Amino acid sequence: MRIGLIGQPNCGKSTLFNQVAGYKAETGNFSGTSVTFTESGVRVMGTVVDVVDLPGTYSLAGTNPAEREVIKYLTSKEVDVVVNVLDASHLSLGLSMTVELLELEIPMVIALNMMDEADRMGIRIDVAMLEDLFGVPVIPMIASKGRGIQPLFVNAFQVGQKKQKPIQPEYSADIERALTILIDNLQNVESHLNTRALALKLLEGDQAVLNDVLKQNQGISADIKALKKSLYQQRGQSSEWIINGERVAFANKIASSVIKQGKRKITFRDRLDDFLLHPILGYVGLVLILYLFFQSVYSFGGLIEAPLMALFGQMEAWMISLLGNGESILTQILIGLIQGISGGVAIVLPYLVPFLIGLGVLEDIGYLPRIAFLMDALMHKIGLHGKSIVPFILGFGCNVPAIMSTRILEDKRERFISAALSTLVPCAARLAVVFGLVAFYLGPLLALVIYLFDLFVIALTARILSKIVPDTSPGLILEMPVYRIPTVRTVFNKAWWRIREFIVEAWPLLIVGSVVLSILNFFDVAIYLNALVRPISWILGLPQEVGVPLIFGVLRKELSLVMLGQALGSMTFPDVLTAVQMITYAVFVVFYIPCLATMVVIRKEMGGKIMWQIVGMTTLIATLAGLVARGLSEIFF
Amino acid sequence: MQLLDTPKNKTVRILTYEGGIGVGFKLRQLGLCPGREIKVLRYAPMGGPVMIDIDGRSVALGRGIAARVKVEVI
């Protein structure tokens with residue numbers, strides 16, 4: 001049996017999923033799209049059922065790819081029962097999507113989540129009445145505290161077995177008349193939707209559904225037009241609005257009959273925005289929070305990196321003494337292997353793990369949209385909107401999710417600029433380079449300077465790009481979720497899935513790359529690769545050996561540090577590089593060509609042409625920025 | 001009057017939204033439809049977004065969008 005979790009953004013759906021999902025949960029894509037879902041096996045009443053966490057959507061209207069995929073998936077018979085997660089503290093808004101789900105006639109259970117929140121707001125909900133009105137079980141719960149989860153899944157399991165259908169919502173008489181006529185005409189049309197839902201979607205003007213129907217019955221187009229026209233004449237509104245309005249009205253009617261509004265308790269959290277979004281204190285808070293975040297990632301990472309690096313250094317020395325002085329190919333391969341492994345364990349993971357946990361905490365507290373609110377005006381100055389800050393922030397973890405997150409932006413231009421700019425954001429891998437090279441040997445303050453310089457370059461690039469591609473989008477529309485205390489489980493699960501991606505997909509590549517380089521080193525192929533990059537390394541005043549690590553760095557950015565040690569013959573960089581060279585190299589690495597994984601995602605999301613444009617742009621920016629860094633640091637060192 | 005002209009913490013009712021169907025649709029999904037009562041919670045500085053309260057939910061709207069929302073004082 002398969003249970004689908006569906007709900008609007010910020011309803012606590014993912015918290016619920018994380019409470020039940022095991023560490024083996026898999027993230028997948030809907031075929032042919034970039035819309036993702038997560039799936040996990042869960043034990044319910046002695047059997048294992050599949051639980052699928054679908055992307056959060058506000059409606060099923062098919063206005064964006066996520067909505068289209070969700071509705072297709074729900075009606076594909078792949079899901080036996082749907083769990084509609086509702087935020088009990090904002091019931092009427094959530095119910096408008098419940099009404100859409102009722103139309104689909106799939107077996108359903110309602111998870112009335114965040115009952116504690118509702119309680120705090122003085123909201124009392126008549127659960128029994130809601131069950132009667134919809135004909136589905138309604139389970140009050142508090143997902144973050146694990147309350148109500150057991151009965152929820154037991155009920156879902158039973159409903160799924162009985163294939164119990166919900167009660168259909170009834171709309172105004174004129175709509176029902178139009179539906180009856182349309183349903184009559186649709187008898188011979190094959191669809192994944194039931195005929196009533198199909199008729200509703202057609203009146204609503206869902207283009208994908210309409211195309212599908214017209215393929216089977218060209219003649220129906222005239223009927224639909226006639227019905228829409230007569231509705232327009234009666235109501236003076238286009239049918240898209242009318243159907244939407246009917247659902248909202250139905251949801252509101254239900255909500256007002258089951259909700260009793262009591263007195264709202266004002267708590268600390270309601271006051272929190274007064275500080276965190278304050279015109280002055282808000283920005284002080286923002287800087288402070290980001291600084292603390294940055295500082296704790298650095299100090300934690302450094303704490304782990306130094307002893308681990310020392311350990312791997314000893315291992316390497318021991319190996320060389322055991323196998324002779326690095327002359328044989330076997331020794332070279334083994335050294336490459338150790339360096340590949342140590343690159344992952346000692347350089348990347350110590351920073352990636354605290355970073356992802358910290359990011360998860362900020363995300364779950366609900367601070368990320370607040371950053372969008374605070375930064376909107378500033379982002380406008382560089383020709384973007386506040387929401388575009390989200391890919392940037394995610395970019396600090398990894399550019400891949402950053403590129404993916406540009407999907408939250410509706411506008412194509414905004415997506416392109418945000419994607420291009422987020423490749424300039426130093427991801428955790430480049431963080432490892434900056435920290436491992438600059439902060440470790442020259443002090444954390446200098447690393448911070450490189451970060452600030454990076455932000456400056458991003459702002460400048462944004463200005464230029466937004467002049468080239470002018471803005472046409474209407475602006476920000478973003479819900480600010482209530483502040484919540486993140487649960488340990490949710491944060492760790494999310495971090496673990498992201499870390500696992502690194503371990504499974506990137507790390508092996510890193511180890512292979514490191515070994516391949518050792519072999520190349522042995523056969524002296526490195527000379528040719530170095531010659532290829534020589535024009536750039538020459539202008540930047542870097543030794544020509546940096547060619548190989550830079551080329552391999554495209555594979556994975558952390559290779560540009562691990563292999564630098566390899567190429568120069570020492571992991572103690574001050575012995576082989578000057579301070580100026582270290583800074584210049586770090587700055588170049590921060591900006592140049594996005595890593596292979598990022599390029600692949602850009603191509604998938606926006607096409608090959610844009611990918612190459614971004615590659616060209618970043619190489620140019622990296623060279624210019626490297627020159628500036630070289631010039632400036634020559635003054636100071 | 002415009003949503004942008006309302007003082008903070010004053011409850012107003014939405015009359016219309018002047019603009020494209022795409023944005024209108026998004027606003028509706030967040031519950032911002034004509035007849036709904038809302039209030040401005042805060043204005044971000046430097047011409048930043050407006051945060052409004054709708055049924056206890058907070059939604060941020062860019063000034064460009066907020067300027068097109070017409071409201072009446074109750």
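In what follows, chains carry the letters A, B, and so on, assigned in the order in which the sequence lines appear, proteins first and then strands, with residues in each chain numbered from 1. Note that this is a predicted model, so its numbers are computed, not measured.
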For a quick test of reading the model, state the closest non-hydrogen atom pair linking [X] to [Y] and the distance between them.
X	Y	value
A:A377	B:G47	CB-C, 4.2 Å
A:F373	B:V50	CE1-C, 4.1 Å
B:A60	A:M480	CB-CE, 3.6 Å

Min side-chain heavy-atom separation B:M51-A:D273 under 4.5 Å: yes

How about residues 84-96 of chain A versus chain B: which residues have heavy atoms under 4.5 Å apart? A:H90, A:S92, A:L93, A:G94

Using a cut-off of under 4.5 Å for heavy-atom pairs, which of B:R57, B:M46, B:R63 has the most such pairs with chain A? B:R57

Output for pair (B:I65 CD1, A:I477 CD1), nearest 0.5 Å, gives 3.5 Å

More than 12 heavy atoms of other residues, nucleotides or ligands under 6.0 Å from CD1 of B:I74: yes or no? yes

Examine whether an atom of A:L378 lies under 4.5 Å from a heavy atom of chain B, and if so say whether it belongs to the side chain, the backbone or both; otherwise answer neither. side chain

Segment of A:N10 engaging chain B (4.5 angstrom heavy-atom cut-off): neither

Looking only at heavy atoms and a cut-off of under 4.5 Å, which of A:A251, A:P279, A:P369 has the most pairs with chain B? A:P279

Could you tell me which residues in residues 37-45 of chain B have at least one non-hydrogen atom under 4.5 Å from a non-hydrogen atom of chain A, sorted by residue number? B:R42, B:A44, B:P45

